[in-house]
Amino acid sequence: MTDDDALTALSAMAHKARLQVVRLLVQSGADGLNAGQIAQALGTSPSAMSFHLSALRDAKLIKSTRHARQIVYSVDFDAMGGLLGYLLHDCCGGNARVASCC
């Protein structure tokens, strides 16, 4: 992951609704949820949710899969792992106390 990739991903999550979407989709696992389910769970309008989902998809944090007439969204766990790995890479600088949280 590059600095630019990490900045794009972090910028996409720098909004309360988008952060909530990511957390909800992590909990839903590989099965994911459709936009209506996500909007209902977070108490937002479908049009606003569509905007937020697009931003997260453009940042490559989530992926969408068409199932008949529905689009199901799920976290891209490889991308999320890459972001976390990027953030934690050499984070501890040999400090055992900091390393214990990783």
Side-chain angles (χ1 to χ4, degrees):
M1 174 166 286
T2 67
D3 288 351
D4 289 339
D5 293 335
L7 287 170
T8 298
L10 293 170
S11 293
M13 286 193 297
H15 187 282
K16 183 177 181 177
R18 292 182 201 146
L19 184 58
Q20 290 174 335
V21 168
V22 169
R23 294 185 73 198
L24 179 65
L25 290 177
V26 165
Q27 293 171 6
S28 74
D31 293 337
L33 298 168
N34 67 44
Q37 292 170 313
I38 297 168
Q40 183 176 11
L42 299 180
T44 189
S45 70
S47 60
M49 188 50 55
S50 178
F51 172 77
H52 294 308
L53 290 168
S54 291
L56 291 168
R57 190 178 58 225
D58 291 347
K60 298 182 174 83
L61 292 171
I62 65 172
K63 50 189 172 182
S64 58
T65 308
R66 181 170 290 280
H67 294 277
R69 294 177 52 193
Q70 290 189 42
I71 298 176
V72 175
Y73 296 89
S74 59
V75 167
D76 185 331
F77 286 103
D78 291 334
M80 191 62 67
L83 176 61
L84 294 173
Y86 173 85
L87 292 172
L88 296 176
H89 181 72
D90 295 332
C91 71
C92 306
N95 185 322
R97 183 173 184 202
V98 177
S100 68
C101 75
C102 301

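Quick note: numbers below take in every heavy atom, side chains included, and nothing from hydrogens, waters or symmetry partners. We're numbering straight along the sequence, starting at 1.
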Enquirer: For residues Leu87 and Leu10, determine if any side-chain heavy atom of one lies less than 4.5 Å from a side-chain heavy atom of the other.
Expert: yes
Enquirer: Is the number of heavy atoms from other residues, nucleotides or ligands within 6.0 Å of CZ (Phe77) greater than 12?
Expert: yes
Enquirer: When rounded to the nearest 0.5 angstrom, what distance separates CD1 in Ile71 from NZ in Lys63?
Expert: 15.5 Å
Enquirer: Where do Met80 and Met13 come nearest, in terms of heavy atoms and distance?
Expert: CE-SD, 4.5 Å
Enquirer: What's the shortest heavy-atom distance between Ala9 and Ala59, and which atoms?
Expert: CA-CB, 4.1 Å
Enquirer: I need the minimum non-hydrogen distance between Leu56 and Val21, along with the two atoms involved.
Expert: CD1-CG1, 3.6 Å
Enquirer: Short question: side chain of Gln37, backbone of Asn34 - any donor-acceptor pair under 3.5 Å?
Expert: yes
Enquirer: With side-chain contact (heavy atoms from CB on, under 4.5 Å) as the test, pick out the partner of Leu24 among Val75, Leu19, Ile38.
Expert: Ile38
Enquirer: If we count only N and O atoms by modelled type, under 3.5 Å, do the side chains of Asp5 and Thr2 hold a donor and an acceptor together?
Expert: yes
Enquirer: I need the Met49 CE to Tyr73 OH distance, nearest 0.5 Å.
Expert: 10.5 Å
Enquirer: What are the two closest non-hydrogen atoms of Arg18 and Ser11, and how far apart are they?
Expert: NH1-O, 4.3 Å
Enquirer: Minimum heavy-atom separation for Ser74 to Gly32, with atom names?
Expert: CB-CA, 4.0 Å
Enquirer: Please report the interatomic distance CG(Leu33) to CD(Gln27), rounded to the nearest 0.5 Å.
Expert: 9.5 Å
Enquirer: First locate atom CG of Asp78, then atom NZ of Lys60, and finally report the distance between them rounded to the nearest 0.5 Å.
Expert: 14.0 Å
Enquirer: If you take all heavy atoms of Ala35 and Leu53, which pair is closest and at what distance?
Expert: CB-CD1, 3.8 Å
Enquirer: In Å, rounded to the nearest 0.5 Å, how long is the span from CG of Asp76 to CG of Leu61?
Expert: 8.0 Å
Enquirer: Keeping Ser50 on the side-chain end and Pro46 on the backbone end, is there a donor-acceptor pair under 3.5 Å?
Expert: no
Enquirer: Hey, could you give me the CG/CG distance between Leu25 and Asp31, rounded to the nearest 0.5 Å?
Expert: 11.5 Å
